[in-house]
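First comes the structure, then the notes that go with it.
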Amino acid sequence: MSLEINKRKTEHIDLCLKENVEGVNKTTGLEGISFIHNALPEIDFDEISLETSFLDKTIKAPFLVSSMTGGSELAANINHNLAKAAEDKGWAIGLGSTRALLESDSHKESFLIRKSAQTIPLIANLGAVQLNYGYGAEEVKQIIEKTGADSLVLHLNSLQEVIQDGGDLNFKDLLPKIEKICREVDYPIGVKEVGFGIDGHVAKQLKEAGVSYIDVAGAGGTSWSQVEKLRSQDPLRKEAAEAFNSWGLPTKDCIVSVNKHVEGVPVIASGGMKTGLDAAKAITIGADMVGYARQLLEAATESVEAVKREMEQIELELKIAMFGIGVKSIEELKNTRRVSIMGRSLLDE
Ligand SMILES: Cc1cc2nc3c(=O)[nH]c(=O)nc-3n(C[C@H](O)[C@H](O)[C@H](O)COP(=O)(O)O)c2cc1C
């Protein structure tokens with residue numbers, strides 16, 4: 001089993017680095033949002049602060065390295081580079097699925113990044129569907145203990161599993177099981193998608209189940225039906241994946257919908273995030289944090305310095321957007337009216 005997981009993880013990384021794995025004719029929807037330039041910002045660029053808090057920790061920027069990997073030699077290098085860069089830049093970081101940590105003794109160190117990331121929020125990760133395949137509160141506690149994480153996020157990935165050869169397909173009765181985990185584990189439990197998006201109705205159910213944050217992981221970036229299509233050996237599944245190459249709720253629509261239906265639960269915008277300007281738009285329409293996965297992957301295979309460079313680029317772009325509309329804190333950005341959504345200016349309303 002563990003060898004199988006290891007091989008799958010390595011193939012995922014390779015395909016995400018080398019192939020076109022984006023959905024077809026699919027965007028995040030953030031291109032429909034624009035800022036209304038403020039020619040008189042009345043702020044000093046150097047005083048702009050990106051500081052915020054997440055999982056009871058103050059962080060230097062509202063950014064998350066989204067869950068990617070662990071459980072192989074390649075993953076160990078990637079996670080090490082991501083962790084050190086995230087610690088230096090004050091970003092939160094997620095691990096890829098930590099299932100292999102309990103199922104195998106090899107490459108355990110790839111998940112043990114706390115030593116390189118001592119102060120930032122660290123999130124462990126598990127497929128929610130595993131709650132139907134032998135995992136429960138005890139395993140979640142063990143994972144959190146072994147990794148020293150602040151939290152664990154359960155990922156919902158039905159469309160990925162159904163296209164993946166041999167995927168786990170019993171997604172029945174997960175909500176009460178998620179609720180049980182939230183009740184029995186003394187750490188914040190989050191829920192994320194993997195690129196098909198969480199809408200407001202699902203988010204409301206998850207909030208009622210007790211989750212501490214929701215990462216929408218919407219469409220417009222990496223498409224896991226595309227990735228699994230490239231891996232699949234089954235001609236039926238391969239062809240079906242093609243029919244679903246534009247499936248998913250765009251990230252912008254997820255954020256708007258979740259904000260409409262749910263209050264008081266931090267929302268992470270992710271799925272197709274590439275620039276700091278994307279982040280500025282997502283925060284303006286209701287996100288508290290912004291997550292980047294594939295955008296950081298190539299740099300993560302290179303070095304800590306390469307990841308930090310990507311991070312600095314994203315931070316600079318967010319600050320430029322804030323300068324352009326004259327806001328100097330994330331709180332002010334959340335409340336700005338200098339934004340036009342699908343041609344509707346909030347400034348003039
Ligand atoms: C190589 C790779 C591996 C991933 N593995 C996981 C995983 O183990 N668990 C998870 O929840 N999401 C995983 N994801 C999904 C991301 O966290 C993210 O939700 C998705 O890729 C969409 O974001 P993006 O468009 O920024 O890539 C992975 C993504 C990549 C690129």
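Note that ligands are numbered from 1 as they come in the structure, with each ligand's atoms numbered from 1 the same way. Being a predicted model, the structure only gives us computed values, none of them experimental.
Using a 4.0 Å cut-off between charged side-chain N and carboxylate O, Lys7 and Glu11 make a salt bridge. The existence of a salt bridge linking Glu87 and Lys84 is excluded, since no basic side-chain nitrogen approaches an acidic carboxylate oxygen closer than 4.0 Å. Salt bridge present: Arg114 and Asp150 bring a charged side-chain N and a carboxylate O closer than 4.0 Å. Here Glu312 does not pair with Lys308 in a salt bridge; the nearest charged N to carboxylate O distance is not below 4.0 Å. A salt bridge links Arg344 to Glu349: one of the charged nitrogens lies within less than 4.0 Å of a carboxylate oxygen.
Scanning the protein for heavy atoms near atom 21 (O) of ligand 1, the closest one is Trp224 NE1, 3.4 Å. When hydrogens are left out, the protein atom nearest atom 24 (P) of ligand 1 is Thr222 OG1, 3.5 Å; that is the closest non-hydrogen contact. Closest to atom 25 (O) of ligand 1 among all protein heavy atoms lies Gly272 N, 2.8 Å. For atom 22 (C) of ligand 1, the closest heavy atom belonging to the protein is Val194 O, 3.7 Å. For atom 14 (N) of ligand 1, the nearest protein heavy atom (residue, atom name, distance) is Ser67 O, 3.2 Å. The protein heavy atom nearest to atom 12 (N) of ligand 1 is Lys192 NZ, 3.0 Å. Scanning the protein heavy atoms around atom 8 (O) of ligand 1, the nearest turns out to be Ser97 N, 2.9 Å.
In this comparison of Ala100, Gly271, Gly195, Ala300, the heavy atom closest to atom 23 (O) of ligand 1 sits on Gly271.
With a 4.0 Å heavy-atom cut-off, ligand 1 is reached by the side chain of Asn125 but not by its N, CA, C or O. Contacts between Met68 and ligand 1, counted as non-hydrogen atom pairs separated by less than 4.0 Å, involve both the backbone and the side chain. Under 4.0 Å from ligand 1, the heavy atoms of Lys9 that appear belong solely to its side chain.
Residue pairs satisfying the ring pair (Phe, Tyr, Trp, His ring centres under 6.0 Å) criterion with at least one member in residues 300-348, sequence neighbours excluded, are listed as follows: Phe45-Phe323. Evaluation of the salt bridge (Lys or Arg N to Asp or Glu O under 4.0 Å) test over residues 269-297, restricted to residues two or more places apart or in two chains, returns Glu22-Lys274, Glu22-Arg294, Asp288-Lys334.
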Worksheet item: Can you check side chain to side chain donor-acceptor pair (under 3.5 Å) on Glu315 and Trp91, steps first, answer last?
Response: CA-CA 10 Å; Glu315 288 175 2; Trp91 288 34; 2.8 Å; yes
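In the vicinity of Ala217, heavy-atom distances shorter than 4.0 Å reach the ligand 1 atoms 19 (O). Near Ser66, meaning under 4.0 Å from any of its heavy atoms, are these atoms of ligand 1: 17 (O). Every atom of ligand 1 with a heavy atom of Gly221 under 4.0 Å away is listed here by number and element: 25 (O). Close approach of ligand 1 to Cys16 (heavy-atom distance below 4.0 Å) involves ligand atoms 31 (C). For ligand 1, the atoms sitting less than 4.0 Å from at least one non-hydrogen atom of Gly96 are 8 (O), numbered in the order shown with element in parentheses. If you number the atoms of ligand 1 from 1 as listed, the ones under 4.0 Å from a heavy atom of Ala293 come out as 16 (C), 18 (C), 21 (O), 23 (O), 24 (P), 26 (O), 27 (O).
Proximity of Glu193 to ligand 1 is established by a heavy-atom distance of less than 4.0 Å.
Across Cys16 and Val227, no two heavy atoms sit closer than the pair SG-CG2, 4.2 Å.
Hydrophobic clustering of Ile, Leu, Val, Met, Phe, Trp and Tyr side chains at less than 4.5 Å, counting indirect connections, unites Leu277 with Ile33. Met289 and Leu95 fall into different hydrophobic clusters, where Ile, Leu, Val, Met, Phe, Trp and Tyr side chains are chained together by heavy-atom contacts under 4.5 Å.
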